[in-house]
Protein chains: 2
Amino acid sequence: MPPYHHGQLRTALLEAAERSLRESGAEQLSLRELAREIGVSHAAPRRHFPDRQSLLYALAETGFARLDTQLRAAVAEAGEGYVPQLRATVTAYIRFATDDAALLELMFGSKHRPGAERVVAASGPAFTLMDELIVRGQAEGRLAAGDPERIGIVMFATMQGIATMINTGLVRPGLLDDLAETAVEQFISGPRESSARSG
Amino acid sequence: MPPYHHGQLRTALLEAAERSLRESGAEQLSLRELAREIGVSHAAPRRHFPDRQSLLYALAETGFARLDTQLRAAVAEAGEGYVPQLRATVTAYIRFATDDAALLELMFGSKHRPGAERVVAASGPAFTLMDELIVRGQAEGRLAAGDPERIGIVMFATMQGIATMINTGLVRPGLLDDLAETAVEQFISGPRESSARSG
DNA sequence: GCAACAATGTAGGCGGTGACAACAATGTCG
DNA sequence: CGACATTGTTGTCACCGCCTACATTGTTGC
């Protein structure tokens, strides 16, 4: 029989919650159900997460850390050229976003809510990475000139929108790579020599 | 005292639900609370909506109808030129999406779920409108060539993404018009003569 | 070594919810 | 006017999040 103290309850909760989130979405996630799965009493989670929202925030936080890791890995693998790096980033972002739709929604939805300071902080690195990529693209003249903020926002919005459309079933997941490529082409300026995949 | 039969309960529920959705989001919407507001018993809504989800679907349905109306009105006001019409559509879409964020989320989230056939049908006109606009743009050579489906999806995704970013607080609502313009510029090909608003 | 204390888990209860069933009032139509 | 469908009501169930009081275990200072 299990010991009185679980010992790793916080970790166990996060793992179970992550799975539940992926399988059934944030709405369906129930603290009591997680407790049952793990085999502790229904009030035990309270010791580690004062309320349901704080558990969701914790998930969003780790989500941003994972996103940052994956984006950096993608850039590292992409070689030196700007366009390949941009393409790799866009693809990696959309892949992350569609691999765990509910997590992405949680990450985005959490940022503007009160009490989510830690989530905002956790989102920093990933956003910085993408920001730098855009600023660099403009400096190198690969992206359209103009207000860097606006161009960057629109470009980020495009990635985000593609992810949303795949997640909601409006677009087949198989189109992911093609759409990422199309998006990159739209935003790359200058001669479209080798970057185009045929048209 | 009120009569035994309310008489307009279905309509009253939809109105109250719409307001609740706008003010507090779909998650917070409670059938019992709506019933209390209207002044009927907690089980009365069941006669008109078998469960909570079906009420949400109904809201999504009317949402698509309203979206279609607003898009057509925007196009009609925009005059003859292609670029002004495109800009008007993009702006109108984002305005609709940010005016009632929770409704948009509901409309999008409902489409791919089982039992939402009516929602899918209701979304037809608005999507057709945008589709035609894109096809026309390609025919007139104002949009990039290439697979029309892909270009259209990416463009739609950009609108959707901008709306999401405003809704989640990542972008100030005041930037709406500028971002819509920036997006249009990105997708318009050829000489950017009069369409640019300065840069 | 042990007493005080902090950390962590348990038991029970409160008000809320959606879903369901049985019943009551009202409208409709042969 | 009586049968029937429609629409509300009451009551109940299981579930949820949150809270309080209590039990067990780990830690630390004397």
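Every chain is numbered from 1 and lettered A, B, ... according to where its sequence line falls, protein lines coming before strand lines. Scope of the values below: all heavy atoms of this structure, side chains included, with no hydrogens, waters or symmetry mates.
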Q) Which whole-number value in Å describes the distance from B/Arg32 CZ to D/dG11 P? A) 12 Å
Q. Between D/dT9 atom C1' and B/Arg36 atom CZ, what is the distance in whole Å?
A. 16 Å
Q. About how many Å separate CG of A/Asp99 and CD of A/Gln70, when rounded to the nearest 0.5 Å?
A. 7.5 Å
**Q.** Passing option when A/Gln85 is tested against A/Glu77, A/Glu80, A/Arg136 for side-chain hydrogen bond (donor to acceptor under 3.5 Å, both in side chains)
**A.** A/Arg136
Q) Of all of residues 41-56 of chain A, which get a heavy atom below 4.0 angstrom from DNA chain C, listed by number? A) A/Ser41, A/His42, A/Ala43, A/Ala44, A/Arg47, A/His48
Q: Please state how far atom CG in A/Leu29 lies from atom C1' in D/dG17, giving the value in whole angstrom units.
A: 12 Å
Q: For A/Leu34, answer base if it contacts any base atom (sugar-phosphate contacts may also be present), sugar-phosphate if it contacts only those atoms, and nothing otherwise; contact means non-hydrogen atoms under 4.0 Å.
A: nothing
Q) Would you call B/Glu37 and B/Arg19 a salt bridge, using N to O less than 4.0 angstrom? A) yes
Q: Give, ordered by number, those residues of residues 8-20 of chain A having at least one heavy-atom distance below 4.0 Å to an atom of DNA chain C; if nothing qualifies, reply none.
A: A/Leu9
Q.
If I take atom CD in residue A/Glu33 and atom P in nucleotide D/dC15, what distance separates them, rounded to the nearest angstrom?
A. 10 Å
**Q.** Phosphate OP1/OP2 of C/dG18 contacted by B/Ser30 side-chain N/O (<4.0 Å)
**A.** yes
Q. Quick one: B/Glu27 CD to C/dT17 C1', roughly how many Å, whole number?
A. 14 Å
Q) Side-chain contact, heavy-atom cut-off 4.5 Å: B/Tyr57 with B/Leu106? A) no
Q) Less than 4.5 Å apart, any side-chain heavy atom of B/Leu86 and any of B/Met155? A) yes
Q: Determine the interplanar angle of the B/Phe64 and B/Phe127 rings, folded into 0 to 90°, and report it as parallel if under 30°, tilted if 30 to 60°, perpendicular if over 60°.
A: tilted
Q: Using modelled atom types only, decide if a donor and an acceptor are shared between the side chain of B/Gln138 and the backbone of B/Ala144 within a distance under 3.5 Å.
A: yes
Q: Tell me whether A/Ile151 is reachable from A/Ile188 by hopping between hydrophobic residues (I, L, V, M, F, W, Y) whose side-chain heavy atoms are closer than 4.5 Å.
A: no
